[in-house]
Each structure stands twice: as structure tokens, then as C-alpha cells.
Amino acid sequence: MNVINKIPGPLLIFMGALSLSFGGLIVKKFEGSTEWQILFWRSLFFTLTVLTFLIVTYKKKTLSSFYKSGLPGFLGGIILSFGFCGYVYAMSNTSVANTNFIISLQILFLAIFGYLFLKEKISTITLVSIILAISGVILMVGNDMKPGNLSGNLAAFTMPITFAVLIMIVRKFPTVDMIPAQFVAGVSSCLIGLSVCIYYSHNLMVSPNDIFLGFLGGFFQVGFGFIFITIGARSTPSAMVGVIMLSESVLGPVWAFLFAGERVSLFTIIGGAIILFAVLLQFSSLLLSDKKEKIIN
């Protein structure tokens, strides 16, 4: 793990975003598995990946790392698991482009939740960004109102919302180690997938192809993606992290188009472009405010 720690933070963030960007393509390549079977296998391999990382990193202090993360870490993991569930359902029921563009709204949800729960002020630029983003979502999702696709679009909102809630917990309890929380998220989403499969009498055993894709999704895409980002974020300015993470939203639809033949409508392109512009506008606002604080201090 020392090799990973020697990699520059921004490069680690990009490597994490690159790993995460393959999520839609991997989900689209499953053959015959239901959303909940996909969730189970993906979450199982993700949990094993995070557990291995914890044991290698913390060694004898692995169990104590869970104790130190406490209730905030446990709740953060439970909340993140709902995002994992929503992600798989969204990727299975709407386009990769729609899902990725909606996920990029997380920084705007951060601003909204910061205002509601931490009493942080919303600047004029942030307000304009929120209005633009809402317009982009309406244009993108409003053109895709088929019952299945609509449920997928709505499910995609669980990712930016749960991420924003998770960050609220981190900001309230800044000493919480979020890697054990990721293990909790993996176990929780795995149990959710298992429970739904049992309820609907779905066999957990799927084809070898789908088990391999579950391994790719849990180990490479989500496991390495979250580990890279968690480590890289320690030495990378938050505004830069956000801008680099936008590469996931751009690359995800590209992989789906190139390797899964998923075409994107003009409304999705225009709506997605408006959302990305709104997010970049918010990032620029945060960057300017950080510079002002440094000058004042």
C-alpha cells in the first residue's frame, strides 16, 4: 500500500474516477441477472476488497478502526449502501449518460444540505448553479418519461443525495475514518441484494460471465475507485477533487457508447452539458471563496 501512498493525490483521484467510470458499462454487460443479483455479487466482491485493504493497512488495528469510526461511521456506511443500491438500479433501467450526469449533481446537493443542516449561506453563483442544474435535469429526464426509464432516473438521485449526506456526517465528525464505513456500506448493500433475491425467489447463482462481471464491478470499479479517491483526497484540494471527478460523468457515457452501443439522445447531451456547466460554475465559486479566505488569513 506504500506504493499507492507515493502516487500524487490528483493522479489518484483521476485513477479513482477512471475506475468508477466503467460502472455503467459493466452493469450493461450482465446477461440475464436481475438488478438485485447484480447488487449482491458486486457488493460481495467490493466488501472483500475493502476488508483486504483494511487488514493490509491496519493489520492488528483492523477491529479497533471500526470502533474508532463509531456510530457516525456506521450510519455513514448504511447511508452509502442506499446509494450503491440506487446506482445499480439506475444503470439497469436508464442510460449510463443520464445516471452519470445526475450523479455529478452531488456538489449542488452539498450546498443545499449545508444550508439546511449547517446553516451555511448560499451565494448568488450557487443559486444560479442550482437553477441551471434543475433545468438540465428537467430537459434530460423530461424527455425520457417511459415508466422503466423514469424509475431509473429517479433512482440515480440516491447517489448524489447519499454522498452529500455522507459528507455532512464527515464535516460534523471530521475525525471519522471513512474506510471502515465503506466496508459497512458493502455489507449492507450485499444484505439488501440477498434479502430482495430471497423475497422474489431469485437464485443467487448466476452465470460464470455475470459472476466475473460482479468481480470486476466490486473489486476493480468500486473497490479500487473508492480506495484511490479516499487516499488521494487527503492531499488534494477539495475543489480540484470535484473537477477531476467530473471525468467520471464524461467518460462513463463514452465507454457505454463505444463498447455497449448505447446511444445518447440530443436532449441528454444538451441537458448533461447544462448540468456539467452548473457544476463547474459551483466549483469555480468554491475555488474563489477558498482563495479569499487564504488572503484574509
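Residue numbers count from 1 along this sequence.
- Formation of a donor-acceptor pair under 3.5 Å by the Gln106 side chain with backbone atoms of Phe163 is not found in this model.
- Ring centroid separation for the pair Phe259 and Phe22 does not come in under the 6.0 Å cut-off.
- The minimum heavy-atom distance linking Gly152 with Asn93 is given by the pair CA-CB, 3.9 Å.
- With hydrogens and angles ignored, the 3.5 Å screen pairs a side-chain donor or acceptor of Ser81 with a backbone N or O of Ile78.
- The two residues Pro72 and Val176 come nearest to each other via the heavy atoms CB-CG2, 3.8 Å.
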Original post:
What's the verdict on side chain to side chain donor-acceptor pair (under 3.5 Å) for Glu248 and Ser19, showing C-alpha distance, side-chain angles and the deciding distance?
Top reply: CA-CA 8 Å; Glu248 177 193 354; Ser19 296; over 6 Å; no
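- Taking the side chain as every heavy atom from C-beta outward, Glu262 and Ser95 approach each other to under 4.5 Å.
- Taking each heavy atom of Thr236 and Pro10 in turn, the nearest pair found is OG1-N, 3.3 Å.
- Leu246 has its side chain within reach of Phe283: a pair of non-hydrogen atoms, C-beta onward, lies under 4.5 Å apart.
- With Met140 as reference, Ile102 is the one residue of Ile102, Ile274, Ile270 to meet the side-chain contact (heavy atoms from CB on, under 4.5 Å) rule.
- Thr158 has its side chain out of reach of Tyr87: every pair of non-hydrogen atoms, C-beta onward, lies at least 4.5 Å apart.
- Separating the CG atom in Leu12 from the CD1 atom in Ile7 is a distance of 5.0 Å, to the nearest 0.5 Å.
- Phe66 and Phe74 have their aromatic ring centers separated by at least 6.0 angstrom.
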Original post:
Taking it one step at a time, do Asn153 and Thr94 satisfy side chain to side chain donor-acceptor pair (under 3.5 Å)?
Top reply: CA-CA 6 Å; Asn153 288 325; Thr94 189; 2.9 Å; yes
Original post:
Hey, mind stepping through Ser43 and Ser189 against side chain to side chain donor-acceptor pair (under 3.5 Å) and telling me if it holds?
Top reply: CA-CA 6 Å; Ser43 301; Ser189 55; 2.9 Å; yes
Return a table of donor-acceptor pairs under 3.5 angstrom between the side chains of residues 197-220 and protein atoms on other chains or two or more places apart.
| unit_1 | atom_1 | unit_2 | atom_2 | d |
| --- | --- | --- | --- | --- |
| Asn203 | OD1 | Met205 | N | 3.0 |
| Ser207 | OG | Asp210 | N | 3.2 |
| Asp210 | OD1 | Glu31 | N | 2.9 |
| Asp210 | OD2 | Glu31 | N | 3.2 |
| Asp210 | OD2 | Ser33 | OG | 2.5 |

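- The CZ atom of Phe46 sits 12.0 Å away from the CZ atom of Phe224 when rounded to the nearest 0.5 Å.
- Residues Ser249 and Ser104 share a closest heavy-atom pair of OG-CB, 3.3 Å.
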Original post:
Checking side-chain contact (heavy atoms from CB on, under 4.5 Å) for the pair Leu191/Phe40: CA distance, chi angles, key distance, verdict?
Top reply: CA-CA 7 Å; Leu191 290 175; Phe40 172 80; over 6 Å; no
**OP:** Determine, step by step, whether Gln182 and Thr230 satisfy the side-chain contact (heavy atoms from CB on, under 4.5 Å) criterion, reporting the C-alpha distance in whole Å, the side-chain angles of both residues, the deciding distance to 0.1 Å, and the verdict.
**Re:** CA-CA 10 Å; Gln182 291 177 27; Thr230 300; 2.9 Å; yes
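- When every heavy atom of Leu54 is checked against every heavy atom of Thr62, the shortest pair comes out as O-OG1, 3.4 Å.
- Between Leu39 atom CG and Cys190 atom SG the span is 7.5 Å, to the nearest 0.5 Å.
- By the criterion of side-chain heavy atoms lying less than 4.5 angstrom apart, applied directly or through intervening Ile, Leu, Val, Met, Phe, Trp or Tyr residues, Leu139 is grouped together with Leu266 in one hydrophobic cluster.
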**OP:** Test ring pair (Phe, Tyr, Trp, His ring centres under 6.0 Å) on Phe228 and Phe14 and set out the steps.
**Re:** CA-CA 8 Å; Phe228 286 153; Phe14 176 74; over 10 Å; no
Donor-acceptor list for residues 107-125 side chains, cut-off 3.5 Å, not counting sequence neighbours:
| unit_1 | atom_1 | unit_2 | atom_2 | d |
| --- | --- | --- | --- | --- |
| Glu120 | OE2 | Arg171 | NH2 | 2.2 |
| Ser123 | OG | Thr126 | N | 3.2 |
| Ser123 | OG | Thr126 | OG1 | 3.0 |

Original post:
For Lys68 and Asp177, what are the C-alpha separation, side-chain angles and deciding distance, and is it a side-chain contact (heavy atoms from CB on, under 4.5 Å)?
Top reply: CA-CA 8 Å; Lys68 289 179 180 178; Asp177 185 351; over 6 Å; no
**OP:** List the steps, then state whether side-chain contact (heavy atoms from CB on, under 4.5 Å) holds for Val196 with Glu35.
**Re:** CA-CA 10 Å; Val196 177; Glu35 299 93 332; over 6 Å; no
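- Atom-to-atom distance recorded for Met159:CE and Asn100:CG is 9.5 Å, nearest 0.5 angstrom.
- Using a 4.5 Å cut-off between side-chain heavy atoms of Ile, Leu, Val, Met, Phe, Trp and Tyr, with links allowed through other members, Leu63 and Ile179 fall into different hydrophobic clusters.
- Aromatic ring orientation, Tyr89 versus Trp36: tilted (interplanar angle from 30° to 60°).
- One finds the NZ atom of Lys59 at 12.5 Å from the OG atom of Ser65 (value rounded to the nearest 0.5 Å).
- Scanning both residues, Gly83 and Thr162, for their nearest heavy atoms gives CA-OG1, 3.5 Å.
- Proximity of Ile231 to Phe53: side-chain heavy atoms (C-beta onward) are separated by under 4.5 Å at one or more points.
- In this structure, Ile229 and Met15 have side chains that are not in contact, with every pair of non-hydrogen atoms separated by 4.5 Å or more.
- Taken to the nearest 0.5 Å, the CD1 atom of Ile79 stands 11.5 Å off from the CE atom of Met168.
- You'll find the side chain of Ile192 stays beyond 4.5 Å of the side chain of Phe84, heavy atoms only.
- Val264 belongs to a hydrophobic cluster whose other members, connected by ILVMFWY side-chain contacts under 4.5 Å either directly or through intermediates, are Ile269.
- Exactly one of Asn98, Val27, Ile38 qualifies for a side-chain contact (heavy atoms from CB on, under 4.5 Å) with Met91. That residue is Val27.
- Using a 4.5 Å cut-off on side-chain heavy atoms (C-beta onward), Phe101 and Thr268 make contact.
- At a threshold of 4.5 Å between non-hydrogen side-chain atoms, the residues Leu194 and Leu44 do not count as touching.
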